[in-house]
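All remarks here apply to the structure that follows.
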There are 2 protein chains.
Amino acid sequence: MTDTCLCKLISADEIDDIKAALPGPGVIAKLAEFFKVFGDPSRITLLYYLSKRELCVADLASLAGMGQSAVSHQLKILRLSRLVKTRKEGTVVYYSLDDEHIQKLFDVALQHVEEA
Amino acid sequence: MTDTCLCKLISADEIDDIKAALPGPGVIAKLAEFFKVFGDPSRITLLYYLSKRELCVADLASLAGMGQSAVSHQLKILRLSRLVKTRKEGTVVYYSLDDEHIQKLFDVALQHVEEA
DNA sequence: CCCATTCATGAATATGTGTTCATATATTAA
DNA sequence: TTAATATATGAACACATATTCATGAATGGG
């Protein structure tokens, strides 16, 4: 056990304060799950196209250069994360964005990425 | 091939416009990599603690309830993503945040998560 | 009613990822 | 130098995940 460290001289009070303000495990898990959805190039691409206009599955596949099944699987993840919504017209399902925060997230991330 | 869809009646011009505005594959990959870093509960926890104060590896491990090695591995990822920076004092390495956007990202994500 | 089309879904597979264990590196003290 | 401590690193393992393939479900046309 090498877990003894001089810098542990944070006061017990301060430790308690910091730990108390930590979001619960449930919230942390949800945060991670949320970010994980954005952590895939295919989903980023789909979200980008949907940020431009409502699109059906086949067109998304065509635009993104992905197979129909792959798109469908990814759209399910985006649906479960409440990032996109659907509108059905006959056999065609139109997808569109369902979250006004997405563009803001992209902007912040782009800022970081471009600060290379 | 079942990739023929009526809704493909987007004009060729519109398709070109949308595709032209798509960030290049490099940028999309970087965006995904960036978000992926936040897509893990351990890293979220470490970032949270570092948002409170500078901390050494052993204390981070203790606070987060993780092994020293696991923390070190995750800190390396955060370092390579330029999200944290280090300061060495003897054998002790102090970590602290190195990006002013992190809190903003957390805020947006929390908003989404809490809109359940 | 039968068929074609669009999308969803389950299984299989290949790849990626987080933790642990053991060990190496670096710094300080004796 | 030797020993001790803090951190970093590499290999191994277990687990998650993205895609493909095959197929199922739903809708509309003939």
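Naming: A, B, ... by sequence-line order, numbering from 1 per chain.
For the pair B:Asp40 and B:Ile44, the minimum side-chain heavy-atom distance is 4.5 Å or more. Looking only at side-chain heavy atoms (C-beta outward), A:Tyr49 and B:Leu22 come within less than 4.5 Å of each other. For the pair B:Lys88/B:Val92, no side-chain contact is recorded, criterion being any heavy-atom separation below 4.5 Å from C-beta on.
When the side-chain nitrogen and oxygen atoms of B:Ser72 are compared with OP1 and OP2 of D:dA8, one or more of them lie within a distance under 4.0 Å. Neither OP1 nor OP2 of C:dA26 sits under 4.0 Å from any side-chain N or O of B:Lys88. The side chain of A:Tyr95 places no N or O atom within less than 4.0 Å of a non-bridging phosphate oxygen (OP1 or OP2) of C:dT6.
The rotation axes computed at either terminus of the helix from C:dC1-D:dG30 to C:dA30-D:dT1 lie 10° apart, taking five pairs at each end and rounding to 10 degrees.
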Heteroatom pairs (N/O) under 3.5 angstrom, protein to nucleotides 20-23 of chain D:
{"from": "D:dT20", "atom 1": "O4", "to": "A:His73", "atom 2": "NE2", "distance (Å)": "3.3"}
{"from": "D:dC21", "atom 1": "N4", "to": "A:Ser69", "atom 2": "OG", "distance (Å)": "2.6"}

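For B:Asp99 against B:Arg82, the heavy-atom pair with the smallest separation is CB-O, 4.3 Å. Closest of all the heavy-atom pairs between A:His101 and B:Glu115 is NE2-OE2, 3.4 Å. Here the closest non-hydrogen pair linking A:Tyr48 and B:Ala21 is OH-C, 2.9 Å. Counting all heavy atoms, side chain and backbone alike, B:Cys56 lies closest to B:Tyr94 at N-CD2, 3.9 Å.
Between B:Phe38 and A:Phe35, the ring planes lie tilted relative to each other; the angle falls in the 30° to 60° range.
Rounded to whole angstrom, the span from the CD atom of B:Gln74 across to the P atom of C:dG16 amounts to 17 Å. Taking atom CG on B:Leu80 and atom C1' on C:dT17, their separation rounds to 15 Å, with Å as the unit.
A salt bridge is absent between B:Glu114 and A:Lys30; no separation between the charged side-chain nitrogens and carboxylate oxygens falls under 4.0 Å.
If you check every strand for non-hydrogen atoms under 4.0 Å, B:Leu60 touches nothing.
Of the residues in residues 35-48 of chain B, not one comes within less than 4.0 Å of DNA chain D through any heavy atom.
In this structure, a donor-acceptor pair under 3.5 Å is present between the side chains of B:Arg79 and B:Tyr95.
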Requested in this report: Kindly determine whether A:Gln111 and A:Asp107 satisfy side chain to side chain donor-acceptor pair (under 3.5 Å), including the steps that lead there.
Outcome: CA-CA 6 Å; A:Gln111 250 183 295; A:Asp107 289 343; over 6 Å; no
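Nearer the 5' end of DNA chain D, as judged by each residue's closest nucleotide, is the contact made by B:Lys76, out of A:Glu89 and B:Lys76.
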